[in-house]
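First the structure, in the form of structure tokens, and then the observations on it.
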Amino acid sequence: MAVERTNRDVRTLIGQIAAGEIKLPEIQRGYVWKASQVARLIESLYRGYPAGSLLFWKTGHVAETREAAIGSPQALASVIPLYLLDGQQRLTSLFRVLTDHPEAQVVFNIETEVFQNQSAATRRNKKWIKIHDVVGPDADVFTVHSDLKAAGLAISDIEIGRRLSALQKITQRDFHMEVLHDFEYEEVAEIFVRVNSGGRALKTTDLALATLSARAPGFLGQLEAESARWTEHGYGALDVNFLIKALTLNLSISGKRLSSVAKLTTANAESVEEGWAKVRRGLSRVVPMLQEKLLIPTTSLIPSLAALHPLIVYYGRQSEGGQTPEAIEKGLLYWFMAATARNRYGGATDTALTQDIKALDSETPVKDLLSNLGIGKNGISVAASDLAGRSHQSPYLMFSYLAAAHAGAMDWWDGEPISASVDGSGKPQYSLVHPSVTLRSHRDKFSSAEINELANIVFVSQQAAKNMIGSRSPAAYVQDIADADLIAHAIPDDPALLETEGYRGFLSARRELLADRITALLDWFKPDFLGGGGLQTGGQENRSLVLRGYTGGGRSVLVAIAELPDQHWIGWIARDEFAAALDAASAGLASDVSVGGEAAAMRVDDEGIVTFAGGPFLIRGSLGQWRSTVKEAFEDAQPLDECPEPSDEQWLSETSEFLLSDAGAAMKAR
């Protein structure tokens, strides 16, 4: 074993990637850099800043590889390839820029020397030039220079030439390389883990994958093939990370933290093989059951995929071809819906999963699972108040869809079942019953929260939304829809509620209809050992969180208003700072955000759930939920001079969890 140290310039390295002489080993994670990060890398090279070193592995053995995200296939190497261990994000980004990849259109302002990604504004401005036009293989720098001279710049011709020359030298910049010769795969995996843990934090699943790939080359391919299988069935969210978690939960290893992915680093090959067989067996039973019994066509409707894990474990333990009693199957589906309504996995996911997996070992698994939810002998029901203020981010979006699907709802445009309107990205299509254009222009000035409330959502195709609903109030288009279809979609039949003036009454009436439908669905699957008169899904202590946007004087502030019994708290958060923290979270990094002069932590876990400490609450939600919430908060931005004053003191009492899907609406403690 030896370590070779050398240097190569950017152009040479890019050529080696194209020629297949640099490959990604299976242990590598995927490409994750954003356009802004690519632009910063190009700027660093332009300014001569250190760009870090690269680590490779060279071996005479054929290693399992993964496809590089370069947008084109690599050639078949004529020499022994180098396997890239550290530097994938940088080299992939440079390859994309130099080959004019559509997602790496980095541009440069010749006057200000600023780098960013291409936009409509930069395309129109002659001061911005695309990096590829200067450093690409067919670049015509003379023409670029001539065009810039004619653009009326505030810098001299000599300075234009100097800056273009500095851009050209980007491809001549050297990277220091270290090449590991003849190391064993498992040792290389250990080095990969150590090296990459020092940069952008690897997720626990990444570390587990590296270990598994070293012990069983090709296993990542099995995971990806299984994920692709379920993607074809509409369950695209069952990705490699989900499967790794499922494998962890199916390992025959005892311990207090059954869901800890770290177990994979110590599991033997036999245990992993047995656990993987259980995962595949469980999925082959659970997915068809959800699609055929509950009528869930896509994972996009499932708020928390963690709720699938106990089902997968249960059915994975059953023998191939074995039959599950109907009472147990219905009971498990009832628990799945109850767990979703109660946001069972919105908090400490690992703790809840450990409790629920252990419940499967009992003689009465359904009863014990429901007991973990705090559901007693009467079961649960949904009231209209549970739906008040909810948006498309709420777990009740799934229930609203199921209420329509089980009522036989059809699309208003083509008459097909609503499941047929799931779009190419795997998301169900829906529209607003009362279109936003009529509500926003009304004298009552309905807010975005009211307009986008769950009770105003109907599951119809985009063709129906465009060609039937358009900008008309329901009163103007319902005459084109059969009464049976209106009933199936739970549309109130009172004509006054279909007029814009009756919108708030419409919301109230439709909440009642949806709540009754959802409760009836729950009751259909309710186990026999539960009685009637189900408890509502909430608890007892009222609390709420509202997020609002305020702007003025070039400043934008996100205001959090928290209400608890006899307690009130208001916090100001700078929008730009919060957006930067969300960008960092998308890259797996933690941040601190200033709230009322105090640092509030924003953290992201292995499953991409972002937790933010806002006053009395630890607010949890997915990255997509956070971005959507911030966007909606500023759609109705109010003048900054009308913003309520923030609380004078930092919140000193104990914080409690609050789900972002409940923000903007009163909720009951869980």
Side-chain angles (χ1 to χ4, degrees), residues 5-19 21-22 31 33-56 68-72 82 84 86-119 122-123 125-151 153-179 199:
R5 293 174 175 83
T6 185
N7 292 283
R8 287 179 195 167
D9 63 42
V10 170
R11 181 77 72 186
T12 300
L13 290 165
I14 298 308
Q16 287 185 283
I17 293 174
E21 296 173 10
I22 292 178
Y31 179 72
W33 268 22
K34 295 183 176 297
S36 59
Q37 292 172 289
V38 179
R40 285 198 295 270
L41 171 63
I42 299 299
E43 181 180 12
S44 294
L45 295 174
Y46 171 79
R47 300 189 185 283
Y49 296 162
S53 60
L54 305 172
L55 181 63
F56 294 90
I70 58 177
S72 58
L82 296 175
L84 181 59
D86 185 38
Q88 179 205 170
Q89 307 300 321
R90 286 168 289 158
L91 284 190
T92 300
S93 297
L94 288 169
F95 188 99
R96 288 178 159 211
V97 171
L98 267 65
T99 57
D100 205 22
H101 192 285
E103 295 178 15
Q105 303 283 299
V106 180
V107 292
F108 172 70
N109 188 307
I110 196 72
E111 273 191 346
T112 62
E113 295 184 281
V114 169
F115 293 81
Q116 69 170 66
N117 208 43
Q118 182 78 280
S119 68
T122 60
R123 286 191 183 93
N125 192 331
K126 295 184 181 299
K127 297 178 182 180
W128 290 92
I129 55 176
K130 192 162 66 172
I131 301 302
H132 178 264
D133 293 342
V134 180
V135 304
D138 301 319
D140 184 351
V141 181
F142 178 79
T143 299
V144 172
H145 194 156
S146 298
D147 291 343
L148 289 171
K149 286 172 62 177
L153 302 177
I155 57 176
S156 68
D157 182 44
I158 293 176
E159 184 61 19
I160 293 173
R162 187 193 70 77
R163 294 180 184 184
L164 289 176
S165 178
L167 283 178
Q168 287 182 293
K169 290 179 181 178
I170 286 175
T171 62
Q172 302 169 21
R173 286 290 309 276
D174 274 351
F175 274 95
H176 175 68
M177 297 170 50
E178 293 189 348
V179 184

- Can you tell me how far the CG atom of Leu94 sits from the CZ atom of Arg11, to the nearest 0.5 Å? 11.0 Å
- Message: Taking salt bridge (charged side-chain N to carboxylate O under 4.0 Å, His left out) as the definition, give me every residue that meets it alongside Glu103, ordered by chain and number, with sequence neighbours left out.
- Response: Arg96
- Task: Determine whether Arg90 and Leu54 make a side-chain contact, defined as any pair of heavy atoms from C-beta on separated by less than 4.5 Å.
- Result: yes
- Query: Does Arg40 pair with Glu43 as a salt bridge, N-O distance under 4.0 Å?
  - Reply: no
- Query: Got a second to check how far Arg162's CZ is from Asp157's CG, nearest 0.5 Å?
  - Reply: 13.0 Å
- Student check: side-chain heavy atoms of Ile17 and Leu91 closer than 4.5 Å: yes
- Query: Does some side-chain heavy atom of Glu159 sit less than 4.5 Å from a side-chain heavy atom of Leu153?
  - Reply: no
- Message: With side-chain contact (heavy atoms from CB on, under 4.5 Å) as the criterion, how do Leu41 and Val97 come out once you've worked through the C-alpha distance, each side chain's angles and the decisive distance to 0.1 Å?
- Response: CA-CA 11 Å; Leu41 171 63; Val97 171; over 6 Å; no
- To the nearest 0.5 Å, how far apart are OG1 in Thr12 and CD in Gln16? 7.0 Å
- Item | Whether Glu111 side chain and Ala154 backbone form a donor-acceptor pair below 3.5 Å | yes
For residues 128-142, run the donor-acceptor check on the side chains, cut-off 3.5 Å, and write out each pair with its distance to 0.1 Å, sequence neighbours left out.
| from | atom 1 | to | atom 2 | distance (Å) |
| --- | --- | --- | --- | --- |
| Lys130 | NZ | Asp100 | OD1 | 3.1 |
| Lys130 | NZ | Gln105 | OE1 | 2.9 |
| Asp140 | OD1 | Phe142 | N | 3.4 |
| Asp140 | OD1 | Thr143 | N | 3.2 |
| Asp140 | OD1 | Thr143 | OG1 | 3.3 |
| Asp140 | OD2 | Thr143 | OG1 | 2.6 |

- Note on the structure: In short, Ala51 meets Phe175 closest at the heavy-atom pair O-CE2, 3.5 Å
- Item | Atom pair CZ (Phe56) and CD (Glu178), whose distance is rounded to the nearest 0.5 Å | 11.0 Å
- So which heavy atom on Ile70 is nearest to which on His101, and how close? O-CD2, 3.7 Å
- Side-chain donor or acceptor of Thr122 paired with backbone N/O of Gln118 under 3.5 Å: no
- Looking only at heavy atoms, what is the nearest atom pair of Ala166 and Tyr46, with distance? CB-CE1, 3.4 Å
- All heavy atoms of Ala39 vs all of Phe115, minimum pair found to be O-CB, 3.8 Å
- Task: Tell me, with the steps shown, if Val38 and Asn117 meet side-chain contact (heavy atoms from CB on, under 4.5 Å).
- Result: CA-CA 8 Å; Val38 179; Asn117 208 43; over 6 Å; no
- Among pairs that include at least one residue of residues 165-174, which meet side-chain hydrogen bond (donor to acceptor under 3.5 Å, both in side chains), considering only residues two or more places apart or in two chains? none
- dist Gln88:CD -> Ser93:OG (nearest 0.5 Å) comes out at 9.0 Å
- Query: Hey, are the side chains of Gln116 and Val107 touching, using non-hydrogen atoms and a 4.5 Å cut-off?
  - Reply: yes
- Query: From Ile110 CD1 over to Lys127 NZ, what is the distance, rounded to the nearest 0.5 angstrom?
  - Reply: 11.5 Å
